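Only one structure is covered here, and it is reproduced in the block below.
Just so we're clear, the structure is a prediction, and the values are computed from it rather than from any experiment. Just so it is clear: chains get the letters A, B, ... in the order the sequence lines come, proteins before strands, and each one is counted from 1.
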Protein chains: 2
Amino acid sequence: METVTHFAQEGTLVSDRHTDVPTNAAIAPQPAPPATPLAEVAPDDSNSCQTVNEVLARIGDKWSMQVVMSLGRGPLRFNELRRRIEGISQRMLTRTLRGLERDGLVSRKVTPSVPPRVDYALSTMGMSLRDPVMALGGWAIEHRHAIAMARSAFDDAQEEG
Amino acid sequence: METVTHFAQEGTLVSDRHTDVPTNAAIAPQPAPPATPLAEVAPDDSNSCQTVNEVLARIGDKWSMQVVMSLGRGPLRFNELRRRIEGISQRMLTRTLRGLERDGLVSRKVTPSVPPRVDYALSTMGMSLRDPVMALGGWAIEHRHAIAMARSAFDDAQEEG
DNA sequence: CTGAATCCGTCAAGATACTG
DNA sequence: CAGTATCTTGACGGATTCAG
């Protein structure tokens, strides 16, 4: 799994990719999705855990989810995203967007003008990710207080130990 | 967020906690859960993103989710868990379990016998986490092929660039 | 404006060995 | 069996600088 956690290892993206326009042609319409019947893999066996963990490793990093959520309302430009996320460096935003684009979750559209304009948007698959993530978000919101309480109770028990 | 990503900073858990039995008394029955009405926070504003990201940071690490899923069927002892996860070091398993216990997701029951016996089990809250995670797992299973295809397409486009 | 390239500090993972 | 202690490593992320 660690082979997919990090992206393209810093400096391997040496190419002129930042000037070609229709990069998203490969991800925009997915003509025949393999469509695993979802019953082929029991949802709680270890195989599933593996797959879940890959996704978690993908979106569980510090920024990916914030990017996906920020893009949920509509396309944004690079610096719009940057301002909306507040705290991300442009390097991390670039890396995060590359990773999401690589996995087909985000499409990237370059308008070669001066100044250049790049719009990022969620792909269809990216949009579909919002639902399960919102479910998780609902869980988080419901239990955040219980978690905070358990956490301080645990920490108190540690100190007095 | 980075303040909750890592646990108790390596060596601060210096105490005799590994011999007291009823540690789970603080987390087992949550008498009056604060129960945020879930409409108090819009599910897609940035506040929600923040909370979601905390949860993601908590369970999105390399092992937590596998532990939760492995425990989903029932309690397990330390080495049973270790064998079931395959690849985790005992240190990481210990740390992961500590983190989950701290957040009230996992209960720990020590039987002071020789040899010692420690059973880990999901708390009520831990069980409730399984559903949204399974939803995410479903998404992962559905889209894993599309992701793999997008990924190799992207990588190919890089090399030929 | 939208990045890429580089340097660099920090911290978490993993291996190993030891303890009760 | 169920951990803890210690060390090493390298990935991650930030700041800065340069470029199209």
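Between A:Arg77 and C:dT2, a side-chain N or O to OP1/OP2 separation shorter than 4.0 Å is present. Taking side-chain N and O atoms only, B:Lys62 has no distance below 4.0 Å to OP1 or OP2 of D:dC12. Contact between the side-chain N/O atoms of B:Arg91 and the OP1/OP2 oxygens of C:dC18 is not found at any separation under 4.0 Å. For the OP1/OP2 pair of C:dG3 and a distance below 4.0 Å, the side-chain nitrogens and oxygens of A:Arg82 include no atom meeting the criterion. Checking the phosphate oxygens (OP1, OP2) of D:dG3, a side-chain nitrogen or oxygen of B:Tyr120 falls inside 4.0 Å. Side-chain nitrogen and oxygen atoms of B:Arg95 include none within less than 4.0 Å of the OP1 or OP2 phosphate oxygen of D:dG3. Within the structure, a side-chain polar atom (N or O) of B:Trp63 is placed less than 4.0 Å from OP1 or OP2 of C:dG14.
Rounded to whole Å, atom C1' of D:dG13 lies 15 Å from atom CD1 of A:Ile85. The separation between B:Arg117 atom CZ and D:dG3 atom C1' is 16 Å, rounded to whole Å. Atom CG in A:Asp119 sits roughly 9 Å away from atom P in C:dT2 (whole-Å rounding). Between the CG atom of B:Asp61 and the P atom of C:dC11 there is a distance of 17 Å, given to the nearest Å. The distance between atom CD1 of B:Ile88 and atom P of C:dG14, rounded to the nearest whole Å, is 8 Å. Put simply, CG on B:Leu93 is 16 Å from C1' on C:dA12, counting in whole angstrom units. Rounded to a whole Å, the CE atom of B:Met92 is 16 Å from the P atom of D:dT6. One interatomic measurement links the two molecules: CZ of B:Arg98 to C1' of D:dG3, which rounds to 8 Å at whole-angstrom precision.
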Taking it one step at a time, do B:Met92 and B:Lys62 satisfy side-chain contact (heavy atoms from CB on, under 4.5 Å)? CA-CA 9 Å; B:Met92 281 305 112; B:Lys62 200 172 180 180; over 6 Å; no
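Annotation: of the two residues near DNA chain C, A:Gln90 and A:Pro115, the 5′-most nearest-nucleotide partner is A:Pro115. Residues A:Gly87 and A:Pro116 both approach DNA chain D. Their nearest nucleotides, taken by heavy-atom distance, put A:Gly87 toward the 5′ side.
Partners of B:Arg117 according to the side-chain contact (heavy atoms from CB on, under 4.5 Å) rule, which considers only residues two or more places apart in sequence or in another chain, are B:Arg77, B:Thr111, B:Ser113, B:Asp119. Every residue meeting the side-chain hydrogen bond (donor to acceptor under 3.5 Å, both in side chains) condition with A:Ser128, not counting sequence neighbours, appears here in chain and number order: B:Trp139, B:His143.
Using modelled atom types, one finds a donor on one side chain and an acceptor on the other under 3.5 Å when comparing B:Ser64 with B:Asp61.
Between the A:Arg58 side chain and the A:Gly99 main chain, a donor and an acceptor come within less than 3.5 Å of each other. In this structure, the side chain of B:Ser123 engages the main chain of B:Gly104 through a donor-acceptor pair within 3.5 Å. Of the possible polar contacts, none joining the A:Ser70 side chain to the A:Leu81 backbone as a donor-acceptor pair under 3.5 Å is found.
Note that the two end axes of the helix from C:dC1-D:dG20 to C:dG20-D:dC1 enclose an angle of 40°, each drawn from 5 base pairs, rounded to 10 degrees.
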